Amino acid sequence: MKDPAALVSLLVAVVAAAIIFFLPFGHREKLELAAGYALLILIFFYGMVVLSKMMTGAIDLKLLLGESGGGASMSRFQLLIFTFVIGLSFFFVVTSNTEAKFPDIPQSVLALLGISATTYGVSKGIQASSGLHSKEAAPGPAPTPQPPKAPLNP
């Protein structure tokens, strides 16, 4: 099997079959476990594909934190770091929680994440409007007039 998608599908099927046939749970618990592990395996392999493409250069990361004109973007950096910090913190809270319930997210965390995303959005808006005004202030050369074309009928 040289096709990675077939290999991943086979792995998902084997794990689901092992859960369904060998675990001593009820039908609902088996289905939840099989679906959860299948989703986990798929996300892991999608992540591995993205990482391998990033390492080979198929996915270009030059403008991840930079602007199209060159230089670094502090608003992009802030949004990226803050999102990773909040995501990792939330992941640790979920994995350390022994109860089977989704933890509450404090409103202050959501507000800070919203402020960070708004900062990025405002930054992009300012860049777009300043680029528009600079194009209006310095128009390109005027088009040269073309002589009229001769009619096609003789």
Side-chain angles (χ1 to χ4, degrees), residues 1-20 23 25-143:
M1 262 192 223
K2 294 184 180 183
D3 185 21
L7 185 63
V8 171
S9 299
L10 179 66
L11 181 63
V12 168
V14 167
V15 168
I19 289 172
I20 291 171
L23 290 180
F25 295 123
H27 295 296
R28 181 182 171 128
E29 289 86 10
K30 286 181 182 181
L31 181 62
E32 287 175 355
L33 281 173
Y37 277 110
L39 186 64
L40 179 69
I41 291 169
L42 289 175
I43 289 173
F44 173 77
F45 279 107
Y46 284 145
M48 294 305 294
V49 167
V50 169
L51 284 176
S52 68
K53 287 187 182 251
M54 285 169 37
M55 289 192 308
T56 60
I59 296 177
D60 189 16
L61 297 176
K62 285 186 220 172
L63 295 178
L64 179 66
L65 294 176
E67 296 297 331
S68 58
S73 170
M74 288 304 292
S75 59
R76 283 186 185 189
F77 180 70
Q78 174 191 356
L79 181 61
L80 181 73
I81 295 300
F82 198 69
T83 303
F84 278 136
V85 167
I86 295 298
L88 193 60
S89 301
F90 190 68
F91 175 76
F92 285 137
V93 166
V94 169
T95 56
S96 67
N97 192 0
T98 57
E99 299 174 11
K101 74 172 209 167
F102 204 65
D104 293 329
I105 302 172
Q107 293 296 322
S108 59
V109 171
L110 293 176
L112 289 174
L113 194 56
I115 289 170
S116 180
T118 304
T119 303
Y120 173 71
V122 168
S123 164
K124 294 304 284 182
I126 290 172
Q127 285 177 355
S129 66
S130 68
L132 179 67
H133 293 304
S134 65
K135 288 180 185 174
E136 289 175 356

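The structure displayed is predicted, hence computed values, not measured ones.
- Scanning for side chain to side chain donor-acceptor pair (under 3.5 Å) contacts around Lys53 gives an empty result, with sequence neighbours left out.
- Residues meeting the side chain to side chain donor-acceptor pair (under 3.5 Å) test with Ser123, sequence neighbours left out: Ser75.
- Judged as a salt bridge (Lys or Arg N to Asp or Glu O under 4.0 Å), the pairs with a partner in residues 32-43 (not counting sequence neighbours) are, in order, Arg28-Glu32.
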Donor-acceptor contacts under 3.5 Å from residues 105-121 side chains, at least two apart:
{"unit_1": "Thr118", "atom_1": "OG1", "unit_2": "Gly114", "atom_2": "O", "d": "2.7"}
{"unit_1": "Thr119", "atom_1": "OG1", "unit_2": "Ile115", "atom_2": "O", "d": "2.8"}

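- When each of Val15, Leu42, Val12 is checked for a side chain to side chain contact (heavy atoms under 4.5 Å, CB included) with Tyr37, only Val15 meets the rule.
- Taking a 6.0 Å sphere around CG of Asp60, one finds it holds more than 12 heavy atoms contributed by other residues, nucleotides or ligands.
- Annotation: side chain to side chain donor-acceptor pair (under 3.5 Å) contacts of Gln78 (sequence neighbours excluded): none.
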Contacts under 3.5 angstrom, residues 44-52 side chains, donor-acceptor by atom type, not counting sequence neighbours:
{"unit_1": "Ser52", "atom_1": "OG", "unit_2": "Met48", "atom_2": "O", "d": "3.3"}
{"unit_1": "Ser52", "atom_1": "OG", "unit_2": "Val49", "atom_2": "O", "d": "2.8"}

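- For the side chain to side chain contact (heavy atoms under 4.5 Å, CB included) with Ser89, the lone residue among Val85, Val93, Ile86 that qualifies is Val85.
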